[in-house]
Amino acid sequence: MNQTDEMKEKACETPFEKIIDIAFDLFLENGYEDTTIRMIVEKAGIHIGSLYYLFPNKESILKAMMITVYDMIHKKAEIVRINNNDLAALLYPTASILYMTSRSKNVARLLYKSYSTWSVFDELLKFSKNWALKYDFSPNSDDREYHSKLFFVFGGLGNMIGEFYYSSRALDYRERLDKFIDVACRIFARDVPEDIESAKNLLYNLLESEEITILGKQIDLNN
C-alpha cells in the first residue's frame with residue numbers, strides 16, 4: 001500500500017477503528033502496561049469522553065483489538081481452505097501466531113499479555129472453538145467437554161507465546177508447532193493426521209514468503 005492509499009484509508013476510519021489502530025501502535029512500542037488512556041487519546045486526536053463512549057477501559061480496547069487481529073488471521077486461513085487443504089487451514093491461525101511471535105519480541109509481548117488476560121483469553125477461546133468446529137464434524141464429546149479440552153490446548157499455546165517472549169535465545173516456531181499438534185492430538189485422543197507433513201510444508205511456504213503484517217501494518221522484525 002502506498003502512502004496516498006494509506007492516508008485515504010485512515011481518513012475513512014471510524015472512531016472505533018482509529019482507537020484500535022493507535023492503541024496497537026502504542027501497545028506494540030511501549031507495552032500494554034506502560035500505555036495509558038491519555039496517551040491513546042492524545043495520539044488519536046480525540047476527546048477522552050469519545051473513547052470511553054466506545055470502550056469502558058483499556059482492557060476492553062485490548063480485547064477488541066485482538067478479536068480484530070484474530071478475525072484477520074482467520075480470513076487468511078479461509079484462503080488456504082479454498083485451496084482444498086482443510087488441515088492446513090485449521091492449523092494456519094496457530095502457525096501464524098507462533099511464526100509472528102518467533103520473529104518479533106514486541107508482538108510476543110503483546111500476544112502474551114492478551115493470553116494472560118482472562119477476558120481476552122476467553123473471547124479468543126470462543127473464536128477458536130467456532131473455527132475448530134468448522135473442521136471437526138464429530139468431536140466425540142459434549143460441548144462442555146470439548147470446550148474444556150480446547151481450553152487446555154489454547155492455554156498451551158499461550159505458554160509457548162510466553163516462551164518466545166521471555167527466552168534469551170532464538171526459538172524455532174516449527175518445533176513449537178510440532179509440539180502443539182502433538183499435545184492437541186493427545187488431549188483430543190486423535191491420531192496425528194497422515195497428511196500432516198504436506199499441510200505443514202504448505203504453511204511454512206505461505207508464512208515465510210510474506211512480510212509480517214498485523215492490522216495492515218508491517219512489523220519491524222528488529223523489535
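Each residue takes its place number in the sequence, starting with 1.
- Residues Arg81 and Asp86 are in side-chain contact: their nearest non-hydrogen atoms beyond the backbone lie under 4.5 Å apart.
- Residue pairs meeting the ring pair (Phe, Tyr, Trp, His ring centres under 6.0 Å) criterion with at least one partner in residues 36-61, sequence neighbours excluded, are Phe16-Phe55.
- In this structure, CD1 on Ile46 lies 9.0 Å from CD1 on Ile22, to the nearest 0.5 angstrom.
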Side chain to side chain contact (heavy atoms under 4.5 Å, CB included) evaluation trace for Tyr99 with Ile212: CA-CA 9 Å; Tyr99 180 62; Ile212 297 177; 3.8 Å; yes
What do the steps show when you test Leu133 against Tyr146 for side chain to side chain contact (heavy atoms under 4.5 Å, CB included), and what is the final call? CA-CA 10 Å; Leu133 286 173; Tyr146 191 86; 3.7 Å; yes
Can you check ring-ring contact (aromatic ring centres under 6.0 Å, His included) on Phe121 and Phe151, steps first, answer last? CA-CA 10 Å; Phe121 177 91; Phe151 176 91; 5.5 Å; yes
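- Residues meeting the ring-ring contact (aromatic ring centres under 6.0 Å, His included) test with Phe164, sequence neighbours left out: none.
- Taken to the nearest 0.5 Å, the CD1 atom of Ile19 stands 10.5 Å off from the CD atom of Glu13.
- Between Asp220 atom CG and Arg103 atom CZ the span is 11.0 Å, to the nearest 0.5 Å.
- No donor-acceptor pair under 3.5 Å is formed between the side chain of Asp195 and the backbone N or O of Ser198.
- A side-chain donor-acceptor contact under 3.5 Å links Ser116 to the backbone of Tyr112.
- Side-chain contact between Ile219 and Asn106: absent, with no pair of heavy atoms (C-beta onward) separated by less than 4.5 Å.
- A single hydrophobic cluster is not seen to contain both Val69 and Ile79; linkage of ILVMFWY side chains at heavy-atom distances under 4.5 Å, directly or through other members, places them apart.
- Side-chain N or O atoms of Ser104 include one that pairs as donor or acceptor with a backbone N or O of Asn223 at under 3.5 Å.
- Under a 3.5 Å cut-off, the side chain of Asn205 and the backbone N or O of Asn201 do form a donor-acceptor pair.
- Annotation: Asp191, atom CG; neighbour count of heavy atoms from other residues, nucleotides and ligands within 6.0 Å does not exceed 12.
- Checking Glu59 against Thr117 by side-chain atom types alone, no donor-acceptor pair falls below 3.5 Å.
- Ion pair Glu197/Lys200 flagged as a salt bridge, since at least one NZ, NE, NH1 or NH2 atom sits closer than 4.0 Å to an Asp/Glu carboxylate oxygen.
- Partner Leu171 forms a side-chain contact (heavy atoms from CB on, under 4.5 Å) with one of Arg169, Arg174, Glu175 and no other, that one being Arg169.
- With rounding to the nearest 0.5 Å, the separation of OG in Ser114 from CG in Leu110 is 4.5 Å.
- With a 6.0 Å cutoff to the six-membered ring centre and a 45° limit on the axis angle, Lys58 counts as a cation-pi contact of Tyr32.
- Distance check: Tyr92 OH to Leu206 CG gives 6.5 Å after rounding to the nearest 0.5 Å.
- A 4.5 Å side-chain heavy-atom check between Phe180 and Val183 finds every atom pair outside the cut-off.
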For a side chain to side chain contact (heavy atoms under 4.5 Å, CB included) check, start with the C-alpha distance between Ile37 and Asn57, then their side-chain angles and the critical distance, and finish with the verdict. CA-CA 8 Å; Ile37 291 291; Asn57 50 45; over 6 Å; no
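- In this structure, Leu91 and Val80 have side chains that are not in contact, with every pair of non-hydrogen atoms separated by 4.5 Å or more.
- Contact check for Tyr173 versus Leu207: side-chain heavy atoms found under the 4.5 Å cut-off.
- Put simply, CD1 on Ile61 and CG on Leu26 are 10.0 Å apart, with the number rounded to the nearest 0.5 Å.
- Remark: the backbone N or O of His147 is not paired with any side-chain donor or acceptor of Lys129 at under 3.5 angstrom.
- Checked for salt-bridge contact, Glu78 and Lys134 meet the test: a charged N lies under 4.0 Å from a carboxylate O.
- When side chains are defined from C-beta on, Tyr115 does not count as touching Val120, because their heavy atoms never get closer than 4.5 Å.
- Here the side chains of Met39 and Asn30 are in contact, with some heavy-atom distance below 4.5 Å.
- Contact of the Ile214 side chain with the Met100 side chain is registered, since non-hydrogen atoms from C-beta on lie closer than 4.5 Å.
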Side chain to side chain contact (heavy atoms under 4.5 Å, CB included) between Asp25 and Lys43: does it pass, once the steps are laid out? CA-CA 10 Å; Asp25 289 342; Lys43 187 169 182 179; 3.9 Å; yes
